[in-house]
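Written out below as structure tokens is the structure these notes cover.
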Amino acid sequence: MGSKKRFAINGFAQVFAFLVSIGITFFLTPYIVSRLGAAAYGFVGLASNFVSYAQIITIALNSMAGRFITISVHQNRIEDARRYFSSVFFSNLILVGIISLIGVAVLFRLEYIIQIPSELMSDVKMLFGCIFLNFFISIIFNVYNVSTFIRNRLDLSSTRTIIGNSIKALFLVGAFYFFDPAVWFIGLATVISTIYIVITNIHFRRKLTPELIIAPRYFDVKSIKELLCAGVWNIISRLNTLLHHGFDLLIANLFIGPVEMGVLAIVKRIPALTLTLFEQINAIFAPPWTKLYAEEKTGELHSSILKALRFFGIISYIPTAFIFVYCDWFYQMWLPSQDARLLYLLTVAGCIDLPIAMPLQPIYNIYPITNKIRANSLFGVGIYGLTFVTVVTGIYLTEDPFAHMVIIAGTGSFYNAIKSITFLPIYGAHCIKMKVKYLYTCTLRSIISFTILLVPLFAIKNTLITASWLHLGIGGASTCIFGILIGYLFVMTKDDRKAIPETIQKISNRFKKK
């Protein structure tokens, strides 16, 4: 299959998987919040954050495994690939044994670590137990994810994710229907979904990369050291991410209260889902770029990166503009029991970095591909360390709970915007030996397009006046139409615009032949 066709299939599969995930969230979140309350829902995100803290221990080993295994396979160094593959698997087994002891201790003393309402005590502890178990299963079989990456078959992994999410949703619907609602059902559903994903990953390994064998004879301390040396900086990057995304709910729980934590957990869903969408789309570029880098095809790599940046420049500001303009209407209809205005203001505060950061998302592929992670990690230490200090200081200097929530929601986004406009394009260009002006040009065009797009969207909203699903649909359609038109005029190059009629003609010819 041609690379362009494979790219299109992978892209469609990734987006469809995301739509299934967001559909599940769309229908289940209001039900869970209405039945269990915002405070109980907040503990789901907090439990996931606790797993993120534990995951730091495994980052150094696992973060670069895919890169080293993939390059070894493409360079036909199969014995090296087997050593990396087996060494990671057995090392993860050891790590899980150690981390599980810590997890059990945390579980038994959980009420002394975080604030838990007495009526939710057993429910929350069972939730954390399920989330910890899910983490252990995921880590043990983490290395099996590499097979679809190596063969550029992300469509298979997306299909697997769709089915896994569907299994999770069906289990939750059945559990909430037949039993009294409990928040730990969400954790158990996650475990069941992960078990399915692990089984399919094992199947993909046998089908796509049968040459990758797990055997004790391939366990190699030297390979582990090589992976650890390459991935150690990812530990710092992960810590940076936790300061930006992970500690906010914990800080809210400890310094404000469980209810406010629940509100922040709700508003984090839209930025998190938006980021997930672009991460999944961005993932389709990593396999072909890794191959081009392994084959030292620098010119093709540069051209592909610039095309990806222009592509992201268009698709990123469209959903972001919709959030900035119509998010209050969405909350008003989606969660009628909550304060829609409060949720809107907190969401906008948490999304202020998206117009700048999202167009540059493809650059994050460059660091692991070129094995140049250290500078990005160190810069992140300063940025996210500053975020943490600012948040804690802001909470101590203010007394209003609303101000506290705005500070928690918006500070990390503000500093991430600074990182995105300064370090990200400069160091990304350095890693691939490209002039930085090309990266800045793509970003600037996207930011200008985003600003222009807000004008007709607010005008349309003022015309519609009242909030309804119909008017929200009209607003969404208007966002897409105006966004694509503006992107065509301001983001695309002349060559991009010339290629559109040719692509349409090719598709038309294929349908005529059929």
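Remember, it's a predicted structure, so these values are computed and weren't measured experimentally. Note that these values count all heavy atoms, side chains included, but never hydrogens, waters or copies made by symmetry.
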Could you check if a side-chain atom of [X] sits within less than 4.5 angstrom of a side-chain atom of [Y], using non-hydrogen atoms only?
X	Y	value
H302	Y438	no
I363	I305	no
I99	F135	yes

Should the ring pair Y427 and F423 be called parallel, tilted or perpendicular, given that the plane angle runs from 0 to 90° and is split at 30 and 60?
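Y427 vs F423 ring planes: parallel.
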
Parallel, tilted or perpendicular: ring planes of F132 versus F136, cut at 30 and 60 degrees:
tilted

Let me know which of V146, L156, I150 forms a side chain to side chain contact (heavy atoms under 4.5 Å, CB included) with L208.
L156

Y326 and T479: side chain donor to acceptor below 3.5 Å
no

Between [atom1] on residue [X] and [atom2] on residue [Y], distance to nearest 0.5 Å:
X	Y	atom1	atom2	value
E295	E300	CD	CD	8.5 Å
T70	F149	OG1	CZ	5.0 Å
T443	I448	OG1	CD1	11.0 Å

T200 side-chain N/O to I197 backbone N/O, donor-acceptor pair under 3.5 Å:
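At least one qualifying donor-acceptor pair exists.
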
Donor-acceptor pair, S223 side chain versus Y84 backbone, under 3.5 Å?
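Side chain of S223 to backbone of Y84, a donor-acceptor pair under 3.5 Å: no, none is there.
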
Show, in sequence, the C-alpha distance, side-chain angles and deciding distance for N134 and T190, and conclude whether the side chain to side chain donor-acceptor pair (under 3.5 Å) test is met.
CA-CA 7 Å; N134 181 74; T190 303; 5.8 Å; no

If you compare all heavy atoms of M358 against all heavy atoms of F312, which two are closest, and at what distance to 0.1 Å?
O-CD2, 3.5 Å

Does K291, at its NZ atom, have more than 12 non-hydrogen atoms belonging to other residues, nucleotides or ligands within less than 6.0 Å?
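No.
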
Under a 4.0 Å threshold between the charged nitrogen and the carboxylate oxygen, would E296 count as salt-bridged to K433?
no

